[in-house]
S.K.: 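Quick one: this structure, given as structure tokens, is what I'll be asking you about.
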Protein chains: 2
Amino acid sequence: MPRAGLTPHRIVAVAADLADEVGFEKVTLSGVARRVGVKDASLYAHVRSLQDLRTRMALLAGGEMIDRIAAAVAGRAGKDALVAFAGAYREFALRRPGRYAATQIRIDQALVVDSPVMRRTAEITYGMLRAYGLEEPDLTDAVRLLRSTFHGYCALEAAGGFGAPRDVQRSWDKAVDALHITLMHWPREETDHDD
Amino acid sequence: MPRAGLTPHRIVAVAADLADEVGFEKVTLSGVARRVGVKDASLYAHVRSLQDLRTRMALLAGGEMIDRIAAAVAGRAGKDALVAFAGAYREFALRRPGRYAATQIRIDQALVVDSPVMRRTAEITYGMLRAYGLEEPDLTDAVRLLRSTFHGYCALEAAGGFGAPRDVQRSWDKAVDALHITLMHWPREETDHDD
DNA sequence: GGCGAAAACCTAGGAGATCTAGGTTTATGC
DNA sequence: GCATAAACCTAGATCTCCTAGGTTTTCGCC
């Protein structure tokens with residue numbers, strides 16, 4: 001019988017595709033093994049556990065996602081950059097739902113802090129906000145608000161949470177508009193006293 | 001051996017408590033059975049399946065959550081109401097993480113549409129926005145933005161997604177402030193032409 | 001109080017999942 | 001050409017969901 005030529009990388013790629021089809025949490029080692037034509041026990045030579053596989057999927061998906069966002073934002077600034085960022089974010093979340101779900105799992109902080117993906121993400125996000133002239137701690141607050149809104153919207157939309165007949169793309173455009181306005185009118189921190 | 005006195009209600013309550021402790025997705029029928037001192041097969045007399053149990057947990061949690069929010073919002077209007085709503089929302093999400101996760105699962109729409117929980121939620125949410133004088137479709141867009149931000153923030157916070165040393169409560173207050181400002185400056189729809 | 005029936009709970013077991021231990025086959029470097 | 005490491009397998013323990021069918025408790029009713 002010919003060898004399947006497995007590597008950790010190949011297994012994670014197959015798992016990510018499977019996740020986009022059946023959902024991140026429904027990805028099973030047995031399922032991945034079936035898809036690559038191998039017994040489930042064979043995967044353990046390349047991947048420590050299901051937990052380990054999920055962590056690797058998260059890192060892969062995070063990298064892919066920030067790459068697309070970076071490409072969309074490149075060369076833009078201000079509202080243009082915000083709209084491009086938001087559009088790329090939502091498109092990835094909706095077109096690669098399994099990968100997107102992977103990016104949201106809790107990961108050992110030691111693996112993430114100072115990883116290239118994290119650094120790149122912070123770089124692009126804070127760069128996008130430069131045009132609005134915010135300073136710390138307002139910058140961090142603004143980033144948290146953006147992330148929350150983007151993630152919340154995509155999560156609710158993907159879960160079928162928006163039942164009203166109102167067009168979802170239009171609501172999204174409005175939300176991004178609203179965020180832009182918020183960033184323009186940001187309620188800045190009083191730095192003099194610390195209550 | 002004495003009977004445990006099971007009812008669907010009791011099982012769902014135990015499952016919800018268990019979810020708050022170990023996480024919604026880690027709730028298992030075997031685990032619930034162990035906790036009430038019964039064999040797992042016995043649960044099937046009261047609950048059709050794990051799926052069924054999860055749906056019931058979602059309905060229970062949704063009712064509990066909207067009750068707390070309603071109590072917080074009662075008698076308030078405008079920004080006051082928004083701050084109270086947001087505070088009650090986040091407190092529930094953080095203190096009852098399993099229940100909160102249950103409210104986010106996808107449910108058969110037939111079970112939800114026109115359910116008391118849904119009606120009540122819509123009533124309170126739209127009532128809270130009355131002070132801002134928005135009309136459809138802006139109203140729906142605003143509700144979607146609020147839900148997205150609240151959910152996204154709580155989901156990221158619960159998942160440990162906010163690593164920066166900046167105080168999370170303060171960022172939240174700022175986010176709610178920002179939402180208030182957004183609602184005041186809402187970019188209203190042009191109803192004359194449909195591009 | 002006794003009895004019939006429904007409800008509550010049990011045992012037994014299949015199917016599929018994760019993961020370990022240890023064996024066999026294939027590829028590779030010298 | 002052969003030793004060895006890597007790739008893959010079988011077997012099996014344990015956990016999960018769920019079904020089928022049996023036993024025991026409870027309760028209304030005569």
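Order of the sequence lines fixes the chain letters, A, B, ..., with proteins taken first and strands second; residue numbering starts at 1 for each chain.
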S.K.: Think A/Ser49 has a side-chain N or O under 4.0 angstrom from the OP1 or OP2 of C/dT18?
M.R.: no

S.K.: Among B/Arg166, B/Lys174, B/Arg170, exactly one meets salt bridge (charged side-chain N to carboxylate O under 4.0 Å, His left out) together with A/Asp138. Which residue is that?
M.R.: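 Of B/Arg166, B/Lys174, B/Arg170, salt bridge (charged side-chain N to carboxylate O under 4.0 Å, His left out) with A/Asp138 is met by B/Lys174 alone.
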
S.K.: Could you state the NE2-C1' distance from A/His9 to D/dA7, rounded to the nearest angstrom?
M.R.: 19 Å

S.K.: For C/dT20, does either OP1 or OP2 sit under 4.0 Å from a side-chain N or O belonging to A/Arg48?
M.R.: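 False: A/Arg48 side-chain N/O out of range (4.0 Å or more) of C/dT20 OP1/OP2.
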
S.K.: Is the distance from OP1 or OP2 of C/dA8 to the nearest side-chain N or O of B/Arg10 less than 4.0 Å?
M.R.: no

S.K.: Under 3.5 Å, side chain of B/His185 to main-chain N/O of B/Ile181, donor-acceptor pair present?
M.R.: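 Here the side-chain-to-backbone pair exists.
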
S.K.: Out of C/dA21, C/dC10, C/dA17, which nucleotide sits closest to the side chain of A/Arg34?
M.R.: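 Nearest to the side chain of A/Arg34 among the choices is C/dA17.
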
S.K.: To the nearest angstrom, how far is B/Leu43 atom CG from D/dT16 atom C1'?
M.R.: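 Roughly 13 Å, once rounded to whole Å.
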
S.K.: Select one nucleotide: of C/dA17, C/dC19, D/dC8, the one nearest the side-chain heavy atoms of A/Ser30.
M.R.: C/dA17

S.K.: Please report, rounded to the nearest Å, how far the P atom of C/dA8 is from the NE2 atom of B/His46.
M.R.: 5 Å

S.K.: Grab the CG-P distance between A/Asp40 and C/dA15 for me, whole Å please.
M.R.: 17 Å

S.K.: For C/dG16, does either OP1 or OP2 sit under 4.0 Å from a side-chain N or O belonging to A/Thr28?
M.R.: no

S.K.: Separation of B/Lys26 atom NZ from D/dC17 atom P, in whole Å?
M.R.: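 After rounding, the gap between these two atoms is 14 Å.
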
S.K.: Output the rounded distance in Å from CG (A/Leu50) to P (D/dT14).
M.R.: 21 Å

S.K.: For A/Phe150 together with A/Phe92, are the ring centres under 6.0 Å from each other?
M.R.: no

S.K.: Determine whether the side chains of B/Gln169 and B/Arg90 contain a donor N or O and an acceptor N or O closer than 3.5 Å.
M.R.: yes

S.K.: Name the closest nucleotide to the A/Ala41 side chain, picking from C/dT18, C/dC9, D/dT10.
M.R.: D/dT10

S.K.: Is the terminal nitrogen or CZ of A/Arg144 (NZ for Lys, CZ for Arg) located under 6.0 angstrom from the six-membered ring centre of B/Tyr153 and within 45° of that ring's axis?
M.R.: no

S.K.: Rounded to the nearest Å, what distance is computed from the CG atom of residue B/Leu53 to the P atom of nucleotide D/dT16?
M.R.: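 That distance rounds to 14 Å.
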
S.K.: Give one of base, sugar-phosphate or nothing for A/Ser42, where a contact means two heavy atoms less than 4.0 Å apart.
M.R.: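 Here A/Ser42 touches the bases of the nucleic acid.
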
S.K.: Please classify the nucleic acid contact of B/Ala45 as base, sugar-phosphate, or nothing, using heavy-atom distances under 4.0 Å.
M.R.: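 Since no nucleic acid heavy atom lies under 4.0 Å of B/Ala45, the category is nothing.
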
S.K.: Could you tell me how far apart A/Tyr44 (OH) and C/dC19 (P) are, to the nearest whole angstrom?
M.R.: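 To the nearest whole Å, that distance equals 4 Å.
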
